[in-house]
K.L.:
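Encoded as structure tokens, here's the structure I'll be asking about.
All figures in this text were calculated on a predicted structure; none of them were measured in a lab.
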Amino acid sequence: MTDIEIPLGKRTKLYRFFEILPGAISIGAIVLLIILSFLSPLAASLYILFLVLLTFVRAITTAYRTIQGRLAMQKTVSVDWKTRLDDLSHPKTALKKYANLTNAEIKRNYKLRDHIARLHNLANSDGYPKPRQILNVVMVALYNEKYEVLGPTFKNLSEMDYDIKKNLVVFVAYEQRGGQAALDTVAEIKRHWTGVFRDLVFVEHPTGLPDEVVGKGPNLTYAGPKVSAWVRQHHIDSKNVIITTLDSDNKPDRQYFSYLTYKWIITPNRQQCSFQPICLFNNNLWDVPAPMRVVALSNSFWNVVSSMRPGTLKNFASHSQGLYPLEQMNFWSKRTIVEDGHQYWRSYFFFDGDYEVVPLRMGIGQDAVLSSTYRRTLKAQFIQMRRWAYGASDDAYIATHLLNKDYRGSKLDGWWRFFQSLEGHISLACMAPIVGFGAFAPLYINPMAAHTSILVNDLPLIVSHVQQIAVIGLVVTVIASLSMLPPRPKRYKKSKNIFMILQWVFMPINAIVYSSASAYVAQWRLMTGHYMDKFDVTEKAVKKDNPATKKS
């Protein structure tokens, strides 16, 4: 097993090389276009055409995966997971109620055939945990959010289709640096929700502990041993405990814990897995400005698409993992502001590559960015995107761990995953500006090229035609977005539905202003060694009849 911690202080030359690499290639892709336009406009045109066609293929693939993912989500939530979970307690008895079903009836019920097959296997085995033995622990991270933010989250947890009085414990990990605001929220939570769950525990994370960035990871990691102590005190096997992390505004589907527990039990290597739901930024979608709706829905779509690609799925935002492996790896990283995505790589190297993320095709609602003013909202969105783009810091972590002689996993698999990660960060930064404006570069930089090459002269028109065909993907996205909208609040007229379609004109602008620019800023900070060691809290606002601000 290799050391899975991020280095502190000055990095080695090798580590610095891989920190610089994403930004260098992202910037180099633009510089290469300019140089080729001077030296060989034809080569520049072929370069652009290749990237445009690559983007086109990805757009069509994404549209297909979006449809596939939405259908999978709908089928998943249509199942009564609590009943199926109860079946696992007494598989022989459960099999009797399915005995008279016809093949047609079984086929109509999503994955019922698989469920029956599992019941047959479990009926002849005692070597699996029973549902009553599984404890779900929810860790809610709190900085200084007001109770009006946490209240709906706890109400959502209280309405789970799951035995919350016996099998659900909630830990509120709050920050000392949150001050009186955090203490006031804690007091309100105690007053309203004590006695609702099996237990409700509060853990204060002290300010200024050594070797910590200012962020969510250290807060959760400080609370982790408190969870272990609670489990030991109640004589529960840590191998039967599932930890789910939630932000203050997260709202899981009401079947989430029944579904999660079911998937946990039927997964043989559950201790070497994490379980990833689909994070949907739709809690307050009607309230946010149009550009933010496009960003939120685009991110939601990406999470839907990712759920259909288990081989490349990573941890993002809220996820679930066993307490036992978390104890072994000292919970989450305290040295990065992107503790969610980094947890994948941390776990991957802890298990020497024998680790996977199991997709849970069920949603967890989250807030889209909304601040007190339009201008502050635009800024807050950029800050959030920049923080996510800082996941490029993992590239150096991955490469140096693969080069470490103590790593005993598959080097081929590891390097394949490294290049996937690197390519993703590079594409995020440079693809939108190149595809958007690159077709004009050879003509404007080297005007004489138009007289020497038909391709150079016609490239803008060719790219325009490809982009028009790619609009098919956008149409699919718009249709899918309408199906993902939460119910329209009564304070809005039906006419606002029109703007939910017109808003997609912001998509090209958002791709450059937010996705690309934020990625370049994050990668530039890595290149120059100006590390992001503080979780920039995204300012938001709760829009009600009496608006009030919050942070999350």
K.L.:
Are His401 and Tyr407 close enough, and set up right, to give a ring-ring contact (aromatic ring centres under 6.0 Å, His included), and what steps lead you there?
P.N.:
CA-CA 7 Å; His401 276 75; Tyr407 176 66; 8.6 Å; no

K.L.:
Hey, is Arg58 close enough to Glu423 for a salt bridge, meaning N to O under 4.0 Å?
P.N.:
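A salt bridge is present here (some side-chain N lies under 4.0 Å from a carboxylate O).
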
K.L.:
Between Leu33 and Ile48, is there a side-chain heavy-atom distance shorter than 4.5 Å?
P.N.:
yes

K.L.:
How far does CZ of Phe418 sit from CG of Leu21, to the nearest 0.5 angstrom?
P.N.:
5.5 Å

K.L.:
State, yes or no, whether a side-chain contact exists between Thr400 and Leu14 at a heavy-atom distance under 4.5 Å.
P.N.:
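Heavy-atom side-chain distance check passes, below 4.5 Å.
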
K.L.:
Going by the rule side-chain hydrogen bond (donor to acceptor under 3.5 Å, both in side chains), which residues pair with Ser274 if we only count those two or more places apart in sequence or in a different chain?
P.N.:
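Ser274: side-chain hydrogen bond (donor to acceptor under 3.5 Å, both in side chains) contacts with Asn315, Tyr355.
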
K.L.:
Is a side-chain donor-acceptor pair under 3.5 Å present for Tyr348 with Asp354?
P.N.:
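No, because no side-chain N or O of Asp354 sits under 3.5 Å from a partner of the opposite role on Tyr348.
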
K.L.:
Only one of Met507, Gln503, Met500 clears side-chain contact (heavy atoms from CB on, under 4.5 Å) with Leu297; which?
P.N.:
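Only match with Leu297 under side-chain contact (heavy atoms from CB on, under 4.5 Å): Gln503.
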
K.L.:
Flag the pair Ile243 / Met139 as yes when at least one side-chain heavy-atom distance between them is below 4.5 Å, and no otherwise.
P.N.:
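Yes - at least one pair of side-chain heavy atoms lies under 4.5 Å apart.
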
K.L.:
Looking at CD1 of Ile398 and CZ of Phe419, how far apart are the two atoms once the value is rounded to the nearest 0.5 Å?
P.N.:
11.0 Å

K.L.:
Ignoring hydrogens and geometry beyond distance, is a side-chain donor-acceptor pair present between Asp395 and His425 at under 3.5 Å?
P.N.:
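Present: a donor and an acceptor within the cut-off.
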
K.L.:
Does Leu461, at its CG atom, have more than 12 non-hydrogen atoms belonging to other residues, nucleotides or ligands within less than 6.0 Å?
P.N.:
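Check passes, neighbour count above 12.
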
K.L.:
Taking the six-membered ring of Tyr492 as reference, does the cationic atom of Lys496 (NZ for Lys, CZ for Arg) lie under 6.0 Å from its centre and within 45° of its axis?
P.N.:
yes

K.L.:
Can Ser372 and Arg376 be counted as having a side-chain donor-acceptor contact under 3.5 angstrom?
P.N.:
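Their side chains do contain a donor-acceptor pair, which is all the 3.5 Å distance test asks for.
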
K.L.:
Pairs in or reaching into residues 507-534: which pass salt bridge (Lys or Arg N to Asp or Glu O under 4.0 Å), with residues at least two apart or in two chains?
P.N.:
none

K.L.:
If I take atom CG from residue Leu8 and atom NZ from residue Lys334, how far apart are they, to the nearest 0.5 angstrom?
P.N.:
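One finds 9.5 Å between CG of Leu8 and NZ of Lys334.
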
K.L.:
Counting distance only, does the side-chain N/O of Asn299 pair as donor-acceptor with the main-chain N or O of Val295 below 3.5 Å?
P.N.:
yes

K.L.:
I need the Thr245 OG1 to Phe331 CZ distance, nearest 0.5 Å.
P.N.:
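It comes to 13.0 Å.
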
K.L.:
Which pairs pass salt bridge (Lys or Arg N to Asp or Glu O under 4.0 Å) with one or both residues in residues 17-29, sequence neighbours excluded?
P.N.:
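Matches after skipping sequence neighbours: Arg11-Glu19, Arg16-Glu19.
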
K.L.:
Please answer whether the main-chain N or O of Val288 pairs with a side-chain N or O of Arg293 as donor and acceptor at a distance below 3.5 Å.
P.N.:
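Yes; judged by distance alone, with no hydrogens or angles, the pair exists.
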
K.L.:
We want to know whether Ser26 and Gln523 form a side-chain donor-acceptor pair, criterion being a heavy-atom distance below 3.5 angstrom.
P.N.:
yes

K.L.:
Might you confirm whether atom CZ of Phe499 has over 12 heavy atoms from other residues, nucleotides or ligands at distances under 6.0 Å?
P.N.:
no

K.L.:
In terms of ring plane angle, is the pair Phe281 and Trp388 parallel, tilted or perpendicular, where the classes change at 30° and 60°?
P.N.:
tilted

K.L.:
Can you tell if the side chain of Asp340 reaches within under 4.5 Å of the side chain of His319, non-hydrogen atoms only?
P.N.:
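Result yes, sub-4.5 Å side-chain heavy-atom pair found.
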
K.L.:
Near Leu39 CG, under 6.0 Å, is it more than 12 heavy atoms from other residues, nucleotides or ligands?
P.N.:
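Check passes, neighbour count above 12.
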
K.L.:
Does NZ or CZ of Lys75 lie under 6.0 Å from the centre of the six-membered ring of Tyr110, at an angle within 45° of the ring axis?
P.N.:
no

K.L.:
Please examine the side chains of Pro486 and Leu285, heavy atoms only from C-beta on, and report whether any two atoms are closer than 4.5 Å.
P.N.:
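When only atoms from C-beta onward are counted, Pro486 and Leu285 do touch, with a gap below 4.5 Å.
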
K.L.:
Could you check whether any side-chain N or O of Thr12 sits under 3.5 Å from a backbone N or O of Tyr15, counting only pairs where one atom can act as donor and the other as acceptor?
P.N.:
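Yes: the side chain of Thr12 pairs with the backbone of Tyr15.
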
K.L.:
Is Arg488 close to Lys493 at the side-chain level, that is, under 4.5 Å between some pair of heavy atoms?
P.N.:
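Contact flag for Lys493/Arg488 side chains = no.
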
K.L.:
Any donor-acceptor pair under 3.5 Å linking the side chain of Thr312 with the backbone of Arg309?
P.N.:
yes

K.L.:
If we ignore angles and hydrogens, is there a donor and acceptor under 3.5 Å between the side chains of Arg417 and Gln420?
P.N.:
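On atom types as modelled, these side chains do not qualify, holding no pair under 3.5 Å.
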
K.L.:
If you define the side chain from C-beta out and look only at heavy atoms, does anything of Tyr256 sit under 4.5 Å from Leu360?
P.N.:
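They are in side-chain contact.
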
K.L.:
Roughly how far apart are Trp286 CH2 and Leu370 CG, rounded to 0.5 Å?
P.N.:
15.0 Å

K.L.:
Does atom CH2 of Trp415 have more than 12 heavy-atom neighbours from other groups under 6.0 Å away?
P.N.:
yes

K.L.:
Are the side chains of Val304 and Arg361 in touch, meaning some heavy atoms are under 4.5 Å apart?
P.N.:
no

K.L.:
Under a 3.5 Å threshold, yes or no: a donor from one side chain and an acceptor from the other, between Thr244 and Ser320?
P.N.:
yes

K.L.:
If the threshold is 4.0 Å, N to carboxylate O, is there a salt bridge linking Arg346 and Asp394?
P.N.:
no

K.L.:
Are more than 12 heavy atoms, taken from residues, nucleotides or ligands other than Phe382, located less than 6.0 Å from that residue's CZ atom?
P.N.:
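Counting neighbours around CZ of Phe382, more than 12 heavy atoms of other residues, nucleotides or ligands fall under 6.0 Å, so yes.
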
K.L.:
What's the spacing between Glu356 CD and Phe275 CZ if we round to 0.5 Å?
P.N.:
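Going from CD on Glu356 over to CZ on Phe275, the span is 8.0 Å.
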
